[in-house]
Amino acid sequence: MRYSDEIIDEVRQTNDIVDIISQYVHLKRSGRNYFGLCPFHSEKSPSFSVSPEKQIFHCFGCGVGGNVFTFLTKIEGISFVEAVQELAERSNIQLPTIQNDVDTAKEELKAKVYKINEFTANYYHENLYKPESKIAQEYIKKRKLSNETLKSFQIGFSGKFDELYKALKQQGFQEREILESGLVNKNEKGQYIDRYRNRLMFPICDVRGRVIAFGGRVLDDSKPKYINSPENVVYSKGRHLFGLNVAKKGDIKRLLIVEGYMDVISLHQRGITNVVAALRNSNDAKSGVAIKKTHRTNNTKF
Ligand SMILES: [Zn+2]
């Protein structure tokens, strides 16, 4: 976290060091400099000097010295940034808002997770068309999903064991970022395993169309039928509607809220595009997404 050199200079120039130090130390002029009793060591005769020309202070007794910011950090026990803020306020300088390091690190992690999700959605989607994805292709045929539908919802097929993990590593993503995405888990033996294996994949997007999570449906009788992404830096359950990014391309004055991903997708294919599914706010992923057993209309406005 830091301010630009220009703004720091401006703050320094508008706060005369003699004025500032005089608030803490009784200064007397002697020649070109001011002298006083050093506030940083114990003394009886003044060896603490302040130069108005150079805008610096120096103690000939204990050797402490610096500019107006140094003085404030030492006398008040505050950070450099806090000293800049205090003096800017004193001289009515508006500082730009800057993010602290914690926020910046979080923003960087979020950006990585968005990239991981985007890559993964493409990866799974391309997978769907490969010869080894026969089980998914048969399911799609049975559900009569058109290629256009597969494209607009970017439906995909997840691979085996750690295929996604390896692909993400190859893209240069770090373990920490990959684990944060929730797309890969680490087991007790320290092995990385894809969260979704052999599942039909539904990328979940925010209203801006960024992939924030995934839902995965099994294609055999194994349980659970659906699994969803855990919450992470870019995804919080209950705050998103599946399909809204696609629905909003049409008229959404009225939104139809349905039970699951496949309901949204099949209605969409029949021309009913103002349809979304609520993403369940629970860890129980038995039936994927659901709010009510029966379908109903809502007048939700966006
Ligand atoms: Zn001193």
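Order of listing sets the numbers, starting from 1, for every ligand and every atom in it. Position 1 is the first residue of the sequence, and the numbers go up from there.
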Worksheet item: Looking at His268 versus Phe153, is the centre-to-centre ring distance below 6.0 Å?
Response: yes
Worksheet item: Salt bridge between Lys112 and Glu180, side-chain N to carboxylate O under 4.0 Å?
Response: no
Fill in: Glu118/Arg210 salt bridge by N-O under 4.0 Å criterion
no
Worksheet entry | Closest approach of Tyr124 to Leu164 (non-hydrogen atoms, all atoms of both residues) | OH-CD2, 3.3 Å
Practice prompt. Keeping waters out of it, list the protein N, O or S atoms under 2.8 Å from the Zn ion (ligand 1).
Written response: Cys38 SG, His41 ND1, Cys59 SG, Cys62 SG
Worksheet entry | Selection residues 159-199 - residue pairs positive for ring pair (Phe, Tyr, Trp, His ring centres under 6.0 Å), sequence neighbours left out | Tyr165-Tyr192
Worksheet item: Taking the six-membered ring for Trp, are the ring centroids of Phe60 and Phe48 within less than 6.0 Å of each other?
Response: no
